Amino acid sequence: MTTRIGILTGGGDCPGLNAVIRAVVKSAAKRGWETLGILGGFEGLLQLTNTRVLDYHQMDGLLYLGGTVLGTSNKGRFSGKAGHGETRQIDPAVLAEARAGFESLGLRALVVVGGDGSLTIAQQCFEAGIPVIGVPKTIDNDIEGTVVTFGFDSAVAFATDALDRLRTTAQSHERVMVGEVMGRYAGWIAAHAGIAGGADVILIPEIPFSFDSVCRVVTEREAQGKHFTLVVVAEGAREAGRDFVTVGETGAIREARLGGIGAVVASEIGKRTGKETRVCVLGHLQRGGSPTTFDRLLCTRFGAGAVRLIAEEKYGYMVAHRPPDTDAILITEAIGRLRTVPPDCDILRTGRALGIGFGD
Ligand code: F6P
């Protein structure tokens with residue numbers, strides 16, 4: 001009987017999901033295995049018609065296609081996280097139904113491609129008896145145990161390009177431009193794109209900021225004859241003593257939707273410095289589109305690595321980028337402890353050495 005494996009994509013999408021799917025399908029096919037795509041995230045395990053056999057020959061073009069051909073979801077009966085470090089136990093009846101679904105599909109293993117939330121669900125599925133392999137995805141780059149997640153490089157490349165564009169218009173109009181990027185608990189995108197894009201101020205969730213400090217950079221630049229300033233703010237950045245700026249209400253199960261801190265920062269800088277100030281929210285543009293060369297390669301290595309782990313029966317493991325190798329770590333070593341930007345890391349030291357303000 002042909003060996004059959006399953007794959008699903010969970011949580012927010014990001015560039016490179018399709019490249020992982022392609023690599024899994026192709027390397028499984030090379031072993032003579034069949035791959036079944038579970039559609040719509042974990043919920044697809046509960047509706048067995050929600051699957052699709054992924055043929056080797058259908059994989060053409062997926063390497064660079066944005067989004068996920070399997071669809072995804074971060075809500076429903078599997079929602080496993082309500083906030084930073086808060087893990088919700090999924091209803092055992094739902095897990096049992098998922099296991100029954102997995103078995104009736106005749107699968108040997110399930111590849112789960114997702115971020116901290118999806119990997120947390122994957123671990124619970126594993127504990128409920130489903131042989132699972134994880135692949136770490138997220139533009140936020142906040143998963144422990146891997147040097148980088150896929151999607152991050154593509155998001156940084158997009159954000160850097162956007163900052164280049166904001167800089168020229170800021171300079172032309174002698175304005176302060178505030179670019180809001182994604183980054184809920186971790187400011188990796190803001191820090192990397194901010195430095196690569198020549199920002200003057202970078203505000204990240206890990207460093208509570210004060211407006212005195214932010215505005216000092218603007219006024220000092222004015223005094224030096226530099227009449228424009230480029231500010232990058234992660235959506236999860238906070239003024240010291242204040243909470244996240246959110247859009248809409250926080251659900252009991254889902255994490256609050258962040259957004260709006262850029263407008264708050266721009267308005268306060270305008271009031272305090274008298275400078276004309278504008279904000280640009282990059283939002284989901286950072287999650288769409290084609291993966292960069294780096295991400296295509298990383299996704300391909302992750303996909304091939306996941307199939308290798310199935311062959312070795314290393315279930316409950318996740319592929320991890322540990323140059324020069326694609327390694328395997330227990331999913332439990334990766335979840336529940338987000339990898340944030342350490343205050344003394346080289347990327348921040350580099351920014352500070354160049355005189356970039358971090359709002360502290
Ligand atoms: O986790 C990735 C991420 O893009 C965060 O940076 C952001 O806060 C969140 O997803 C947005 O999710 P949604 O698209 O569900 O609003």
Side-chain angles (χ1 to χ4, degrees), residues 9-17 20 40-43 66-68 71-76 78-87 112-122 134-144 146 148-159 162 179-194 202-206 232-238 243-264 280-289 291 295 299 334-341:
T9 51
D13 68 342
C14 82
L17 285 164
V20 174
F42 287 93
E43 290 287 316
T68 162
T72 186
S73 170
N74 49 13
K75 53 183 195 290
F78 284 92
S79 299
K81 281 188 78 215
H84 192 179
E86 295 165 44
T87 300
V112 174
V113 190
D116 184 58
S118 300
L119 293 171
T120 300
I121 299 168
V135 179
K137 160 240 73 162
T138 168
I139 64 164
D140 285 6
N141 196 31
D142 57 4
I143 297 183
E144 278 289 356
T146 181
V148 69
T149 56
F150 78 84
F152 172 66
D153 186 68
S154 304
V156 169
F158 177 82
E180 181 182 309
V181 299
M182 281 188 169
R184 173 175 280 276
Y185 301 112
W188 294 109
I189 298 176
H192 281 239
I202 300 174
L203 304 177
I204 60 174
E206 294 85 345
V232 184
V233 52
E235 61 179 0
R238 280 168 288 178
D243 209 348
F244 290 127
V245 177
T246 58
V247 183
E249 301 204 340
T250 309
I253 294 176
R254 290 195 65 187
E255 294 179 294
R257 273 183 63 207
L258 302 186
I261 184 67
V264 172
C280 176
V281 180
L282 303 190
H284 289 81
L285 291 171
Q286 296 159 97
R287 292 219 318 235
D295 273 337
C299 291
I335 56 176
R337 55 182 90 85
L338 292 179
R339 194 170 72 92
T340 53
V341 182

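Quick caveat, the model's predicted, so the values are computed rather than measured. Whatever order the structure lists ligands and atoms in, that order sets their numbers, starting from 1.
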So, does G115 sit close enough to ligand 1 that a heavy atom of it is under 4.0 Å from the ligand?
no

Check each heavy atom of D140 against ligand 1 and say whether those closer than 4.0 Å belong to the side chain, the backbone, both or neither.
side chain

Within the 4.0 Å heavy-atom shell around G183, which atoms of ligand 1 are there?
6 (O)

When rounded to the nearest 0.5 angstrom, what distance separates CG in L285 from CE in M182?
9.0 Å

Please list, chain by chain and in numerical order, all residues satisfying side chain to side chain contact (heavy atoms under 4.5 Å, CB included) with D153, sequence neighbours excluded.
T292, F294, D295

Distance check, rounded to the nearest 0.5 Å: T120 atom OG1 versus I335 atom CD1?
4.5 Å

Which ligand 1 atoms are under 4.0 Å away from a heavy-atom of M182?
4 (O), 6 (O)

From H284, R184, R257, Q286 - option closest to atom 13 (P) of ligand 1 by heavy atom
H284

Do V148 and N141 have side-chain heavy atoms sitting under 4.5 Å apart?
yes

I'd like to check which ligand 1 atoms, numbered from 1 as shown, lie under 4.0 Å from a non-hydrogen atom of N74.
15 (O)

Under the rule for salt bridge (Lys or Arg N to Asp or Glu O under 4.0 Å), what residues qualify as partners of R238, not counting sequence neighbours?
none

